[in-house]
Amino acid sequence: MITFTFPNEYFSPKATLECGQTFRFSPCGESAWLVLCADKACLLKEYAAEVHVSCEEADEQYFRGYFDLETDYAALLKEAEAFGVPVLFEAVRFGRGLRILNQDKAECLLSFIVSQQNNIPRIKGNLSRLCAALGEKKRFAGYDYYTFPSLERLAERDEDFYRSLGLGYRARYVAASSKKLLEEGFSSVEGKTGAELKRALTAYPGIGNKVADCISLFAFRETAAFPVDTWIARLYRENFGGAETDREKINRFFVEKFGPNAGIFQQYLFYYKRERGDAAV
DNA sequence: AGTAGACCTGAGTA
DNA sequence: ATACTCAGGTCTA
């Protein structure tokens, strides 16, 4: 095991983990979290001025990439503030230290299928049961955890099995998309970006525009992908005086407004709106 | 092209 | 108590 550090001015484990981009983490006492992705685990500990990341020695580069540590968030926040939009300014202040993760593609794809018309605590429960049922048991830093299941294990189960885990009607989508992933991998999205990538992702059963944007942003580094869910639609109405109800139009409104990094700013806006929905700004 | 209804589930609210 | 609403939506008709 090794430990590397990163200044916490632009790395807040709490904001990064609790903003709804990942569902596989758990608090370990005070200011510490066990974070899981694919078959790997790491431990985050927050101190006064820095965050300590502990993981297997071979995984250091993986987690530096996972937490997006090469990206300059000081510049991004400056860019956000320069728009002069009050709610974005507040959101960036509130979520300071939130970083966009670079997640495992298959895990992200299936997780956000489960996320539709669902709430975060239940999504976490669904996914943790999924991993316990089909994943591999491992141990890191004294903690037991389950890996995200392989596509082979996922694809051999049917809808009824996923229903038994409590996924509800999403069970059919998980079963079908797992099979498609096992058969084709990501060949249909290979080399694609932007709107083409989004369109290719919506070809997986259970993936519409919103989930395709989430996967693009969280697993394909598409920083302009701007997911529009109920919270963002509410933000659009309440904070931007928007009248459109078509979520694709709302998506275009924000992408045109906030440009190539719109998706990153979306995450701050989503986190702020969900946590502080009653706030004046 | 655009829109209503159906769809699992469990926590929260009236 | 019991019903109703809502949650990081998608699909079908």
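Below, each value reflects all heavy atoms present in this structure, side chains not excepted, and no hydrogens, waters or symmetry copies. Predicted, not measured: the structure shown is a model, and the values here were computed from it. Protein chains get the first letters and strands the later ones, always in sequence-line order, with residue 1 at the start of each.
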Worksheet item: Which is true for A:G208 with a 4.0 Å heavy-atom rule: it touches a base, it touches only sugar-phosphate, or it touches nothing?
Response: sugar-phosphate
Practice prompt. Could you tell me whether A:R170 contacts a base, only the sugar-phosphate backbone, or nothing, with contacts defined as non-hydrogen atoms closer than 4.0 Å?
Written response: base
Item to complete: Return the value, rounded to whole Å, for the distance between atom CD1 of A:I250 and atom C1' of C:dG8.
Response: 14 Å
Worksheet item: Roughly how far apart, to the nearest Å, are B:dT9 and C:dA1 at atom P?
Response: 23 Å
Worksheet, complete the sentence: If one requires at least 3 consecutive Watson-Crick or G-U pairs with distances under 3.5 Å, the stems of DNA chain C turn out to be B:3-7 with C:9-13, B:9-14 with C:2-7
Discussion item. If you apply the rule side-chain contact (heavy atoms from CB on, under 4.5 Å), what do you find for A:Y272 with A:V92, and how did you get there?
Written reply: CA-CA 8 Å; A:Y272 177 69; A:V92 159; over 6 Å; no
Response to the item:
Which of C:dA7, C:dT10, B:dC8 is nearest the side chain of A:R234? It is C:dA7
Worksheet item: What about A:Y173, does its side chain sit under 3.5 Å from the base of C:dG9 through a donor-acceptor pair?
Response: no
Practice prompt. With the side chain of A:R247 defined as its heavy atoms from C-beta on, choose the nearest nucleotide among C:dG8, C:dG9, B:dC8.
Written response: C:dG9
Fill in: Rounded distance in Å - CZ (A:R163) to P (B:dG10)
12 Å
Worksheet, complete the sentence: Heavy atoms of A:G20 and A:I120 approach each other most closely as CA-CD1, 4.0 Å
Discussion item. As a test of reading the structure: which of C:dG8, B:dC7, C:dT10 is closest to the side chain of A:Y169, going by heavy atoms?
Written reply: B:dC7
Worksheet item: Counting any heavy atom closer than 4.0 Å, what does A:E248 reach on the DNA or RNA strands: base, sugar-phosphate only, or nothing?
Response: nothing
Worksheet, complete the sentence: So CG of A:L101 and CZ of A:F218: to nearest 0.5 Å the spacing works out to 8.0 Å
Fill in: d(CG, A:L165; P, B:dC8) in whole Å
16 Å
Response to the item:
Here the distance between atom P of C:dC11 and atom CD1 of A:I207, to the nearest Å, is 8 Å
Worksheet item: Checking A:T16 side chain against A:P13 main chain: does a donor-acceptor pair fall under 3.5 Å?
Response: no
Worksheet item: Rounded to the Å, how far apart are A:I123 CD1 and C:dA7 P?
Response: 12 Å
Discussion item. I need the minimum non-hydrogen distance between A:A219 and A:D104, along with the two atoms involved.
Written reply: CB-O, 4.3 Å
Worksheet item: Has the side chain of A:R172 got a donor or acceptor atom sitting under 3.5 Å from an opposite partner on the base of C:dC11?
Response: no
Discussion item. Both A:P205 and A:F23 contact DNA chain C. Taking the nearest nucleotide for each, which residue is further toward the 5' end?
Written reply: A:F23
Discussion item. By the 4.0 Å heavy-atom rule, please label A:G20 as base, sugar-phosphate, or nothing.
Written reply: base
Worksheet item: Distance between the P atoms of B:dC8 and C:dA13, in whole angstroms?
Response: 15 Å
Practice prompt. Look at the side chain of A:R122 and decide which nucleotide, out of B:dC8, C:dG9, C:dG8, has an atom nearest to it.
Written response: B:dC8
Fill in: d(CD, A:E18; P, C:dG8) in whole Å
13 Å
Response to the item:
Closest non-hydrogen contact found for A:C28 with A:Y143 is CB-OH, 3.4 Å
Practice prompt. Would you indicate what A:I113 reaches in the nucleic acid, counting non-hydrogen atoms under 4.0 angstrom: base, sugar-phosphate, or nothing?
Written response: nothing
Practice prompt. Tell me what A:N126 touches on the nucleic acid: a base, only sugar-phosphate, or nothing, going by heavy atoms under 4.0 Å.
Written response: nothing
Worksheet entry | Pairwise C1' distance, C:dG8 and B:dT3 [rounded to whole Å] | 22 Å
Worksheet, complete the sentence: When rounded to whole Å, the CG to C1' distance for the pair A:L167 and C:dA7 reads 15 Å
Fill in: Interatomic distance where CG belongs to A:D213 and C1' belongs to C:dT10 [whole Å]
14 Å
Worksheet item: Does the side chain of A:F254 reach to within under 4.5 Å of the side chain of A:F240, using non-hydrogen atoms?
Response: yes
Discussion item. Checking side-chain polar atoms at under 3.5 Å, does A:R247 have a donor or acceptor matched by the opposite partner on A:N209?
Written reply: no
Item to complete: Would you kindly compare A:P227 and A:T202 by the position of their nearest DNA chain C nucleotide and give the one closer to the 5′ end?
Response: A:P227
Worksheet entry | Value rounded to 0.5 Å, distance of CZ in A:R157 from OG in A:S178 | 12.0 Å
Worksheet item: Between A:W231 and C:dG8, do the rings stack, that is, sit under 5.5 Å apart with planes less than 30° off each other?
Response: no
